[in-house]
Amino acid sequence: MERRPDNMHITTFMLPAGYHKDSWRLPGSRAEELGFLDFVLELTLMAEAAKLDAVFFGDIVTADTILRNDVKMNGLYEPISVLSALAARTSHIGLIGTVSTTFSEPYNLARQIMGVDHMSGGRAGWNIVTSSQGNQNFGLEEMPDPVDRYRRAMEYVDVVTQLWDSWDADAVGTNRETGVWAETSKLHRINHSGEFFEVQGPLNMRPSTQGRPIIVQAGSSGPGIELGSTYADVIYAAQPDKALAQEYYENYKRVVAGKGRNPDHVKILPGLVPILGSTQKEAQELADHLAEQVNMEFGVTQLSASHGMDLSGVDLDDRVPAELFPETFARSRSEIFRRRALEDKLTLRELIVEDARGTGHGFFIGTASAAADHMIDWFNDRACDGFNVNAPFMPGGMEMMCTQLIPELQERGYFRTEYEGATLRENLGLNLPDPVITRD
Ligand SMILES: Cc1cc2nc3c(=O)[nH]c(=O)nc-3n(C[C@H](O)[C@H](O)[C@H](O)COP(=O)(O)O)c2cc1C
């Protein structure tokens with residue numbers, strides 16, 4: 001199939017500890033600086049020089065992972081504060097941050113993301129998550145079940161988008177003669193009254209330069225897809241298998257079209273961890289070297305916690321016995337784990353390494369040229385609209401992505417060499433959204 005005329009879109013999952021678990025143990029990782037600005041700024045500037053669409057910060061609101069010695073994926077960077085700092089020091093790259101709808105109020109969130117949007121000149125994005133952990137920090141005895149979380153999320157996002165649309169685009173007139181800075185007739189109450197929220201509106205901030213900040217979503221369950229297909233501009237997916245990714249892509253676009261939205265305006269970006277070398281052998285050596293960093297004892301604890309099963313009695317070089325697996329898992333990722341353990345017969349050690357490498361996302365071990373071929377193949381065969389690339393170690397993995405992999409894509413005409421616009425929406429090639437509020 002011919003490639004589509006639009007270019008690939010590439011964001012990067014910004015984990016300054018490195019995406020590969022325990023890669024921070026490598027010399028030169030700058031792990032001493034995790035949580036502070038300078039290092040993450042340097043990584044972001046590298047990504048901007050490579051013309052990536054956006055940097056993306058995930059978030060969880062609990063220290064549980066750190067308590068299990070998993071430093072990679074955590075809340076060391078609070079998204080709104082780090083994005084605000086990056087906004088001031090970058091000029092084109094998109095700034096996407098995760099905020100949970102389970103532990104916050106929509107009026108606060110609408111302001112925070114709009115704040116990042118204004119501080120960056122229209123480059124903000126919000127990754128909506130409903131969170132599967134963290135209730136103990138918010139006075140909740142248990143996590144609400146996923147269906148309830150998504151019900152709240154649907155209403156939450158509805159309120160946020162209404163608030164973002166509550167000013168007409170031309171509301172700020174700055175009329176010195178009349179003394180009217182904003183025409184109040186162009187500000188609209190939203191008068192939302194729902195199951196979870198009562199919000200009068202309007203927002204107390206001027207409208208976004210990009211029409212509305214970008215909405216990102218990564219839900220893969222039924223309610224997750226319902227939320228994403230209704231509101232999101234970008235969908236993150238954990239899809240390591242091409243055929244399954246194609247199926248997911250086709251299905252998702254169909255659901256989007258069924259809602260009367262243009263499927264080309266919802267960009268599906270699976271995760272990819274590129275482990276690169278100047279030869280295949282060198283890349284494999286790097287993969288092996290990264291695997292050697294993994295603390296197996298911590299790996300057992302982390303894998304047990306991820307899948308809700310006790311692996312502590314299993315020898316590292318044995319297979320996981322079938323009877324240890326529960327009948328059903330809470331997370332779809334765990335089913336892949338079951339398949340790898342029982343059907344593909346990986347040992348516990350191999351399972352730990354695989355988890356450390358990809359955490360459910362696809363990885364590629366090879367030259368930059370071969371990695372570019374792989375990405376183009378997925379793109380052309382409609383398995384994706386681009387990728388959320390996860391640098392396996394820092395800063396080297398980010399350098400490899402930006403100075404080896406991206407140039408390969410650029411040479412083949414699959415990635416921009418200059419930003420097309422000033423806002424994230426322009427660079428993603430998305431139209432201004434239709435306002436959600438009926439004007440009075
Ligand atoms: C690339 C990517 C990033 C994600 N980032 C976060 C995150 O930062 N915080 C979080 O709580 N969940 C995160 N998730 C989990 C998703 O929000 C979602 O819960 C998961 O994909 C399962 O879908 P479901 O909730 O519809 O079952 C992420 C998922 C993906 C694929």
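Since the model is a prediction, treat every value here as computed from it, not as a measurement.
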[atom1]-[atom2] distance between [X] and [Y], expressed to the nearest 0.5 angstrom:
X: Cys384; Y: His9; atom1: SG; atom2: NE2; value: 11.0 Å
X: Thr403; Y: Met401; atom1: OG1; atom2: CE; value: 10.0 Å
X: Gln136; Y: Thr62; atom1: CD; atom2: OG1; value: 6.5 Å
X: Asp148; Y: Met143; atom1: CG; atom2: CE; value: 10.5 Å
X: Leu409; Y: Lys51; atom1: CG; atom2: NZ; value: 15.5 Å
X: Asp344; Y: Ile336; atom1: CG; atom2: CD1; value: 11.0 Å

Measuring only between side-chain heavy atoms, which start at C-beta, is [X] closer than 4.5 Å to [Y]?
X: Pro270; Y: Trp378; answer: yes
X: Ile128; Y: Leu227; answer: yes
X: Ser220; Y: Gln239; answer: no
X: Glu226; Y: Tyr150; answer: no
X: Leu303; Y: Leu348; answer: yes
X: Ile406; Y: Leu52; answer: yes
X: Val294; Y: His20; answer: yes
X: His361; Y: Tyr19; answer: yes

I'd like to know if [X] pairs up with [Y] as an ion pair, taking the criterion as any Lys NZ or Arg NE/NH1/NH2 lying under 4.0 Å from an Asp or Glu carboxylate oxygen.
X: Asp53; Y: Arg416; value: yes
X: Glu335; Y: Arg338; value: yes
X: Lys253; Y: Asp385; value: yes
X: Glu42; Y: Arg89; value: no
X: Lys242; Y: Asp377; value: yes
X: Glu285; Y: Lys281; value: yes

Parallel, tilted or perpendicular, as decided by the 30° and 60° cut-offs, for the rings of Trp126 and Tyr156: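 Aromatic pair Tyr156/Trp126 classed tilted.
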Parallel, tilted or perpendicular: rings of Phe364 and His374 (30°, 60°): tilted
Donor-acceptor pair, side chain of [X] and main chain of [Y], under 3.5 angstrom:
X: Gln302; Y: Arg68; value: yes
X: Trp167; Y: Leu203; value: yes
X: Glu408; Y: Ala371; value: no
X: Arg425; Y: Gly211; value: no
X: Asp381; Y: Ala383; value: no
X: Thr301; Y: Glu297; value: yes
X: His289; Y: Leu26; value: no
X: Glu426; Y: Ala422; value: yes
X: Glu282; Y: Ser278; value: yes
X: Arg25; Y: Gln293; value: yes

side-chain hydrogen bond (donor to acceptor under 3.5 Å, both in side chains) assessment of Asn388 paired with Thr11: CA-CA 5 Å; Asn388 184 34; Thr11 64; 2.8 Å; yes
Arg349 atom CZ, over 12 foreign heavy atoms within 6.0 Å: yes
Greater than 12 external heavy atoms within 6.0 Å of Phe138's CZ: yes
For [X] against [Y], the heavy-atom pair lying closest together:
X: Ala283; Y: Gly277; answer: CB-N, 3.5 Å
X: Gly219; Y: Gln217; answer: N-OE1, 2.8 Å
X: Arg357; Y: Ile275; answer: CG-CD1, 3.8 Å
X: Val255; Y: Ile225; answer: CG1-CG2, 4.5 Å
X: Pro263; Y: Val256; answer: CA-CG1, 3.8 Å
X: Thr101; Y: Arg152; answer: O-NE, 2.7 Å

Residues Met205, Arg111; criterion side-chain contact (heavy atoms from CB on, under 4.5 Å); working and verdict: CA-CA 7 Å; Met205 300 167 82; Arg111 298 195 68 219; 3.7 Å; yes
Phe13/Tyr236 aromatic ring centres below 6.0 Å: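 Ring centroids of Phe13 and Tyr236 are no less than 6.0 Å from each other.
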Identified side-chain hydrogen bond (donor to acceptor under 3.5 Å, both in side chains) counterpart of Arg123 within the set Asn427, Thr90, Asp117: Thr90
Thr44: which of Leu83, Val82, Thr12, Ile93 passes side chain to side chain contact (heavy atoms under 4.5 Å, CB included): Ile93
side-chain contact (heavy atoms from CB on, under 4.5 Å) between Val99 and Asp59, intermediate numbers included: CA-CA 7 Å; Val99 181; Asp59 197 36; over 6 Å; no
Derivation and outcome, side-chain contact (heavy atoms from CB on, under 4.5 Å), residues Ile113 and Val160: CA-CA 10 Å; Ile113 298 286; Val160 169; over 6 Å; no
Evaluation steps, side-chain contact (heavy atoms from CB on, under 4.5 Å), between Ser100 and Gln133: CA-CA 10 Å; Ser100 174; Gln133 53 194 321; over 6 Å; no
Candidate pair Thr98 and Asn127, rule side-chain hydrogen bond (donor to acceptor under 3.5 Å, both in side chains), full reasoning: CA-CA 4 Å; Thr98 300; Asn127 177 41; 2.9 Å; yes
